[in-house]
Every structure is written in structure tokens, then in C-alpha cells.
2 protein chains.
Amino acid sequence: MMESAGWQEQLSRVGVRLTTSREIVANILHDTQRHLSAEDIFIRAVQVNPSIGLTTVYRALELFTDIGIVQKFDFGDGKARYELASDHHNAEHHHHLICIKCKKIINYDDFVQEELELMKKTEKALSKKHHFKIMHHIIHFYGICEHCR
Amino acid sequence: MMESAGWQEQLSRVGVRLTTSREIVANILHDTQRHLSAEDIFIRAVQVNPSIGLTTVYRALELFTDIGIVQKFDFGDGKARYELASDHHNAEHHHHLICIKCKKIINYDDFVQEELELMKKTEKALSKKHHFKIMHHIIHFYGICEHCR
DNA sequence: ATGAAAATGAAACCCATTTTCATATTTGAA
DNA sequence: TTCAAATATGAAAATGGGTTTCATTTTCAT
């Protein structure tokens with residue numbers, strides 16, 4: 001998979017070291033479309049380097065989230081999920097549809113164009129009104145999936 | 001504040017008992033504009049009835065959430081927050097602006113009209129496409145507040 | 001009033017995440 | 001290159017929301 005390009009520069013720009021652990025985590029996120037938990041990522045990381053620790057995975061994820069190359073989500077099942085931020089790499093802007101029964105998560109990107117326009121407008125207004133520097137937004141739809149009816 | 005009206009009927013309709021614990025929790029939620037955690041609610045509940053247990057508060061909140069009269073949120077600070085659902089009682093439809101540093105939460109209701117239209121359209125499309133029965137949605141904006149810059 | 005069903009409280013438990021701390025790795029200055 | 005300071009890592013222990021268990025109490029239809 002050629003490029004997980006970008007995150008390296010991002011790290012060094014922030015003055016943080018480019019380590020193999022971090023590269024492994026970045027690659028795992030880069031190579032999936034799924035919504036992985038820290039443990040999911042850890043399990044995959046161990047395949048690459050059996051000596052990696054869960055703690056390190058957590059730390060890499062926290063770092064990436066702080067820098068802004070990863071977005072952390074809570075879908076209500078008690079564990080956080082991580083995805084590459086939508087404005088990085090090959091990740092497309094999208095949102096989530098969550099089944100409140102089985103917790104299945106579906107990505108969708110319908111109406112993103114309209115949504116982005118409205119969000120941009122809203123962001124602008126909110127920034128001004130509340131003096132916030134807005135970094136990103138999330139939209140979650142909760143419902144019951146076909147299978148759980 | 002006169003009525004926490006509505007929740008009683010809602011409970012009995014679902015075949016659940018109307019207890020004083022539940023009333024206390026419902027009233028606390030009804031009387032605040034804040035975004036209370038289970039413990040916040042517990043602390044206030046104890047003022048009313050010192051013998052109430054934290055467990056009971058959690059159970060009432062879970063029940064209310066399941067029934068749909070309360071909405072549970074995760075703003076990323078490790079504890080869930082609860083609000084009356086926006087289509088009940090005196091609660092207005094609104095969304096949240098969250099400071100990623102100090103975790104302050106601000107309600108906003110700008111552009112809700114446009115937002116609701118877009119959301120309705122999106123919900124319809126998503127329902128059809130993914131065979132989901134959509135119950136509700138959330139929108140969170142994350143950024144840095146004036147004070148934390 | 002009364003008993004079966006449902007709700008409660010305290011304590012024990014669970015489990016994702018964080019912290020601690022001793023060790024190892026990286027980097028830049030000499 | 002070499003070395004020391006800064007940074008990163010892993011294992012184990014700790015933390016802390018939230019949940020489960022179980023014995024007791026409350027509710028409500030009869």
C-alpha cells in the first residue's frame with residue numbers, strides 16, 4: 001500500500017519521533033475501512049510486531065488524535081473507535097449510521113455536499129458567536145437495522 | 001417548574017412503575033439546562049432523598065434512554081451525559097459545541113431549521129438505502145473555546 | 001389488604017483506559 | 001562515532017465509569 005504518506009511529516013513537524021510502533025498503527029488505520037477499537041488495532045499490530053504493547057497502541061492513538069490525523073469516536077458500546085481523519089490520506093468524508101441494538105456501524109456519504117455547505121455555514125456562525133475555533137464535527141444517526149427489527 | 005408532565009404516561013404505557021426515584025431523576029433532568037453526568041444527577045438526587053443509590057440513578061437513566069425520553073451523550077471526557085430528548089417537554093432541539101481542551105459544552109440552535117430539513121431528507125434516504133429505522137441523530141462540533149486558545 | 005412482580009441499595013465486580021516505573025531507543029551535540 | 005539527555009516502550013498495577021448480584025423493600029392489580 002504505497003502511501004501512509006503525510007503522517008511522518010506531521011509527526012516531525014510537531015516534534016515527535018517517528019517510531020516503528022507508530023508506523024504500524026498508522027498503517028493499520030490506513031489499510032482498513034472498518035471502525036477499529038484500540039484492542040482491534042493491538043491485535044493486528046501484534047501480527048506485525050509481537051513485542052508491541054497495548055499501552056503503546058493507546059499512546060499512539062492518543063497522539064494521532066491530538067495531532068488531528070486520527071479521529072476518535074464513541075458509538076455507545078463502551079469502547080472507543082478510531083479512524084483516519086477524513087481530510088487525510090485516502091479517507092473520504094463520511095458519517096455513521098449506528099444500530100442501537102447490535103451496534104453495527106455503517107458509513108454513509110449521501111448528501112455530504114449539501115451537508116458540508118450547511119456545516120461550513122454553521123461553523124462560521126458558531127465560530128463568530130461563541131468565539132470557538134472549530135476543528136471538526138461529527139454526525140451520527142441512531143436507529144435499528146434491518147436485521148434487528 | 002410545573003410539569004415534568006409526559007414521562008409518567010410514557011412509563012405506564014411501557015408497563016413500568018412510577019417510582020419516586022424515577023420521579024426525582026426526571027425532575028432533575030427537567031429542571032436543568034446543563035449536561036449532567038450520572039454522578040451529577042446522583043448528587044442532586046441525594047439532596048432530595050438521601051437514601052437513593054447511584055445504581056438506581058444509572059438504572060433510571062438507562063430506562064429513560066431506552067424509552068426515548070432521555071438522550072445519552074458522550075462528549076469524550078470519559079463519562080456519559082444525559083439530557084431530556086429534544087422532542088419532549090420543554091427541551092428545544094439543539095446541538096453541541098465542545099471544547100476539546102476544557103471540555104466545556106455549549107448548546108446551539110442556529111440553523112436548526114435548515115439542519116432539520118437536511119436531516120429529514122438524509123434520514124429518508126438512509127432509511128431506504130440501508131433499511132434502517134432511524135430514531136434520532138446527533139451533531140457535535142469540536143473545537144477550542146475562547147478561553148483555551 | 002396482600003402477594004407476585006418489579007424496583008432498590010450496597011457491595012462486589014467488570015473492563016477499557018491510564019498511570020507508574022524501570023528499561024530501551026532515538027537524537028543531536030561534541 | 002560516542003554519549004548523554006530526551007523521548008518512547010512494555011508490563012504490571014491502578015483508576016474509574018458503569019454493571020451485576022442478591023437480599024430486601026416497594027408497588028399495584030386484585
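All chains are named by letter (A, B, ...) in the order of the sequence lines, taking the proteins before the strands, and each is independently numbered beginning at 1.
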Quick check, are the ring centers of A:F64 and A:Y82 under 6.0 angstrom apart? no

Would you say a side-chain N or O of A:Y58 is under 4.0 Å from OP1 or OP2 of C:dT18? no

One would report the end-axis bend of the helix from C:dA1-D:dT30 to C:dA30-D:dT1, five pairs per end and rounded to 10 degrees, as 30°

Given atom CD of B:E39 and atom P of D:dT19, what is their separation to the nearest angstrom? 14 Å

Which label fits A:F73 and A:F75: parallel for a plane angle under 30°, tilted from 30 to 60°, or perpendicular past 60°? parallel

Nearest-nucleotide comparison on DNA chain D, the residue closer to the 5′ end among B:R59 and B:A80: B:A80

Any non-hydrogen side-chain atom of A:R22 less than 4.5 Å from a side-chain atom of A:L11? yes

Just how far, in rounded Å, is P of C:dA7 from CG of B:L61? 15 Å

Given the side-chain rings of B:H96 and B:H35, with only the six-membered ring counted for Trp, is the space between their centroids under 6.0 Å? yes

Rounded distance (nearest 0.5 Å) linking atom CG of B:D109 with atom NE2 of B:H95: 10.0 Å

Rounded to the nearest Å, what distance is computed from the CD1 atom of residue B:I24 to the P atom of nucleotide D:dT26? 13 Å

Rounded to whole Å, the CZ-C1' distance (A:F75 to C:dA16) equals 17 Å

What is the separation between atom CG on B:D77 and atom P on C:dT17, rounded to the nearest whole Å? 14 Å

Of B:V46, B:L36, B:L54, which is the lone residue that meets side chain to side chain contact (heavy atoms under 4.5 Å, CB included) with B:I41? B:L36

Looking at A:R22, I'd like to know whether one of its side-chain N or O atoms comes within less than 4.0 Å of OP1 or OP2 on D:dA8. yes

Please identify which of these residues, A:R81, A:H136, A:E83, meets the side chain to side chain donor-acceptor pair (under 3.5 Å) condition with A:Q71. A:H136

Can you find a heavy atom in the side chain of A:K129 that is under 4.5 Å from one in the side chain of B:D110? yes

Figure out the CG/P separation between A:D74 and C:dA16, and round it to whole Å. 13 Å

Expressed as a whole number of angstroms, how long is the span from A:E62:CD to C:dT19:P? 8 Å

B:H137 and B:H93: aromatic ring centres closer than 6.0 Å? yes

DNA chain D contacts made by residues 49-56 of chain A, counting heavy atoms under 4.0 Å: A:S51, A:I52, A:G53, A:T55, A:T56

In the single-linkage hydrophobic clustering (I, L, V, M, F, W, Y; side-chain heavy atoms under 4.5 Å), do A:Y142 and B:I69 co-cluster? no

For atom CG of A:D66 and atom C1' of C:dT18, their distance in whole Å: 14 Å

Could you check A:S37 against B:V57 and say which one's nearest nucleotide on DNA chain C is further toward the 5' end? B:V57

May I ask you to test the B:S21-B:I24 pair for a side-chain heavy-atom distance under 4.5 Å? no

Give one of base, sugar-phosphate or nothing for B:T20, where a contact means two heavy atoms less than 4.0 Å apart. nothing

Can you tell me if NZ on A:K103 sees more than 12 non-hydrogen neighbours from other groups inside 6.0 Å? yes

Between the protein and nucleotides 28-30 of chain C, list the N/O to N/O atom pairs that are separated by less than 3.5 angstrom.
none

5′-ward residue of the pair B:A38/B:L18 relative to DNA chain D: B:A38

Look at A:T19 and D:dT9 and indicate whether a side-chain polar atom (N or O) is within less than 4.0 Å of OP1 or OP2. yes

